[in-house]
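Note that this is a predicted model, so its numbers are computed, not measured.
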Number of protein chains: 2
Amino acid sequence: MKKESEELVGVKEIARRANVSIATVDRVLHDRPGVSLKTKEKIQQIIKELNYQPNIVARTLASRKKLKFAIIMPASSEETSYWKAPLDGVLQAEQELRQYGISVEKYLFDQNNRKTFVKQTAALLQQKPDGILLAPMFVEESNQFMQQCREQSIPVVFINSDLPGQSGLAYVGPDLYQSGYLSAHLISYLVRPSDSILMLHITRELEMDHHLLRKEEGFRTYWQEQGYTQELITMHIGQTDTETIRHHISRQLKNSSIRVLFVTNSRVAAVAKVLEELDRTDLLLIGYDFLEDSIVYLKKNVIDFLICQKPQEQAYLGMMALYDKLVLNQPVKSVHFMPIDIITRENYLFYNN
Amino acid sequence: MKKESEELVGVKEIARRANVSIATVDRVLHDRPGVSLKTKEKIQQIIKELNYQPNIVARTLASRKKLKFAIIMPASSEETSYWKAPLDGVLQAEQELRQYGISVEKYLFDQNNRKTFVKQTAALLQQKPDGILLAPMFVEESNQFMQQCREQSIPVVFINSDLPGQSGLAYVGPDLYQSGYLSAHLISYLVRPSDSILMLHITRELEMDHHLLRKEEGFRTYWQEQGYTQELITMHIGQTDTETIRHHISRQLKNSSIRVLFVTNSRVAAVAKVLEELDRTDLLLIGYDFLEDSIVYLKKNVIDFLICQKPQEQAYLGMMALYDKLVLNQPVKSVHFMPIDIITRENYLFYNN
DNA sequence: CTGAAAGCGCTTACAG
DNA sequence: CTGAAAGCGCTTACAG
């Protein structure tokens, strides 16, 4: 009985019961104007009674509406291939969404050059996309961009990191504080009472530091909560070339009890290279992200742990959030924290970004 | 130009070019009989030239074919709620697949009683499903079941563990050997030279042991490869009640240097309970699976690490493999190993089964 | 404010 | 072996 009624529920049946045409039902369904209040209420009542669920497949086929999504994120670079993964996520989403008539335009910028970001946002807005996926690396410029999106009523989803004080449609990415907190926990198993820990922020753009500093904050909080007394040395290296890194690290290692190095981003591969050259692979090295370079050192046991946050999935889910909102008209979770994955020599083969 | 041609590609255009009706194109598309070889080849040629991609949305809408999937796995029980997660994965898939006309029938059995499995497989086959998701707990009975599925040409996807010597459509689950190997690596960071390790297999059904023994094998291999000399005590506990577990563990702990306990399945929660009662939470405890009970002890720092393999996703992906094969006619990866996740007090909040 | 009709790109009987 | 026609459940002009 229940089944039968379920079979019948469609615009046609609703129209029949309301004594109107399916066009009118469609108007109510989409809250379009041109329906008398009385008819509207009657139809809404029937929709409710029947617990009508629209057939998304039919809707997609009939509506030739083509949506345009735009993404803007850093380009993968010599310096770090991190951004290849999010782009892959975008590509995956694009492929799945293509059959629903959604196209995706990609705008990449140089994460060491905020001007390229501004330029790309301008180009992007000219295309008048229906939804935007944004990796907000530059706080100030991103704020301005958000302002424009708001004016044009274009929903924006953040990935990788959010934008302090701004709320887009959703954020998909790591909880940076917890990420640092976790690292501290992990490291607490590895250090002896007399060891020191060297925490390294390796980045050119100061702006990105709010990112790294959140991790440090989480780390320090854990350390204090636990009452650990090991020395914690923090260091900022403003150049990302091996030369500079080697210089600073070898100096630090000369006269100290450092036994653990914690790199707060994907530059851990560069540190691994340095440690290998210095013949100090005995040290424990922990860092971020699942990059090919890093995996090489993970296999060689130079890097001990990598903390990853599924960059590909971040982008994929971000795109799907736009789809849920814009196509399915579904509510979207405003914050979606990614799992914090710990990668080792043994499980890396099974890690899917 | 390219774009224009892409717009036009559909059965209609193919039919026009081949000078046939779209019905004939459809026949070729689905490799149905009733087309002369000459016509068939001509059409295939055009399909290739045009790089025709069928519109799945239209196809789904037009084809009122209703597929029936069946799943058979253990029921979640008092003893362990592990199987709740895979069922959730099935439910999630069911919801997404419903709109494509796919229904899912669930057959659950008691993992401590192989007769219930046999009974359920019989009931399942009577329904003549188009595809099956199977957690093959009982090797012999599962083999017989597979035989029947083969006779009826029903594709089967394994989850959780595969079936030695049998190949279904696909396997989605952990690489058990690597899982044990990883545990050993993790534990190697935690033990001091004088410590001993207690490895615990807690299970009633001997049959399931091939599962656990694979993990032990991986563990031992790592330990040997690395040349570690710490004592490794293995123990099988055939009852899963707290009483029995306490009895065995307290005996072991009495006179030994044991400092790490490694439980090879989800019964780690019971061990945690015992350790708490014995006031031996100073010991390091590592086990499997993301169960509520275990998380409680993880938070309390009684359990130190949990190794998880996304049971929910296993089932979800298994269902999707059936969909890819049966609906989209796409090739399916015959083995899909899950990532090996390490869960701690700090990252559990961000873990999605 | 409302409805009749065409159409989205396929599949499915049915007729020949 | 092949084709004309109806239909899947919606949306979209268009006419009134």
Could you check whether A:Thr60 gets within reach of a base, just the sugar-phosphate, or nothing at all, counting any heavy atom under 4.0 Å? nothing
Could you tell me whether the phosphate oxygens of C:dT12, OP1 or OP2, come under 4.0 Å of any side-chain nitrogen or oxygen in B:Arg32? yes
Between B:Thr24 and D:dC1, is there a contact of a side-chain N or O with OP1 or OP2 at under 4.0 Å? no
Using OP1 and OP2 only, check whether a side-chain N or O of B:Tyr52 sits under 4.0 Å from C:dG9. no
C:dG9 OP1/OP2 closer than 4.0 Å to side-chain N/O of A:Tyr100: no
How many Å lie between CG on A:Leu328 and C1' on D:dC10, as a whole number? 15 Å
Return the nucleotide paired to D:dA4: Watson-Crick means purine N1 to pyrimidine N3 with N6-O4 or O6-N4, wobble means G-U with N1-O2 and O6-N3, both under 3.5 Å. none
To the nearest Å, how far apart are B:Ile14 CD1 and C:dC10 P? 7 Å
Nearest-nucleotide check on DNA chain D, A:Val57 vs B:Leu37; residue mapping nearer the 5' end is B:Leu37
Closest non-hydrogen contact found for A:Ile22 with A:Val11 is CG2-O, 3.7 Å
Sugar-phosphate only, base, or nothing, as touched by B:Ile22 at under 4.0 Å among non-hydrogen atoms: base
Tell me whether the side-chain N/O atoms of B:Thr39 come closer than 4.0 Å to OP1 or OP2 in D:dC1. no
Which of C:dA4, C:dT12, C:dC10 is nearest the side chain of B:Ala23? It is C:dT12
Counting side-chain heavy atoms from C-beta on, which of D:dC8, C:dT12, C:dC8 comes nearest to B:Leu61? D:dC8
First of B:Arg27 and B:Ala58 reached from the 5' end of DNA chain C, by closest nucleotide: B:Ala58
Contacts of A:Thr39 that satisfy side-chain hydrogen bond (donor to acceptor under 3.5 Å, both in side chains) - sequence neighbours left out: A:Ser36
Decide, yes or no, whether a salt bridge links A:Glu94 with A:Arg98 under the criterion of side-chain N to carboxylate O below 4.0 Å. no
Would you classify B:Val20 as touching base, sugar-phosphate or nothing, given that sugar-phosphate means primed atoms plus P, OP1 and OP2, and contacts are heavy atoms under 4.0 Å? sugar-phosphate
Could you tell me how far apart A:Asn55 (CG) and C:dG9 (C1') are, to the nearest whole angstrom? 14 Å
Given atom CZ of B:Arg16 and atom P of D:dT2, what is their separation to the nearest angstrom? 19 Å
Straight-line distance of B:Gln120 CD to B:Glu141 CD, nearest 0.5 Å: 14.0 Å
Lys/Arg N to Asp/Glu carboxylate O, B:Lys66 vs B:Asp130, below 4.0 Å: no
Round to a whole Å and report the spacing from CG of B:Leu29 to C1' of C:dG9. 11 Å
Minimal heavy-atom distance between B:Ile159 and B:Pro136, with the atoms involved, is O-CD, 3.5 Å
In whole angstroms, how far is the P atom of C:dC8 from the CZ atom of B:Arg59? 18 Å
Using whole Å, what does the distance between atom P of nucleotide D:dG9 and atom NZ of A:Lys12 come to? 8 Å
Take atom CD of B:Glu41 and atom P of D:dC1, then tell me their distance rounded to the nearest Å. 13 Å
Scanning all shown strands, the Watson-Crick or wobble mate of D:dA13 with both distances under 3.5 Å is none
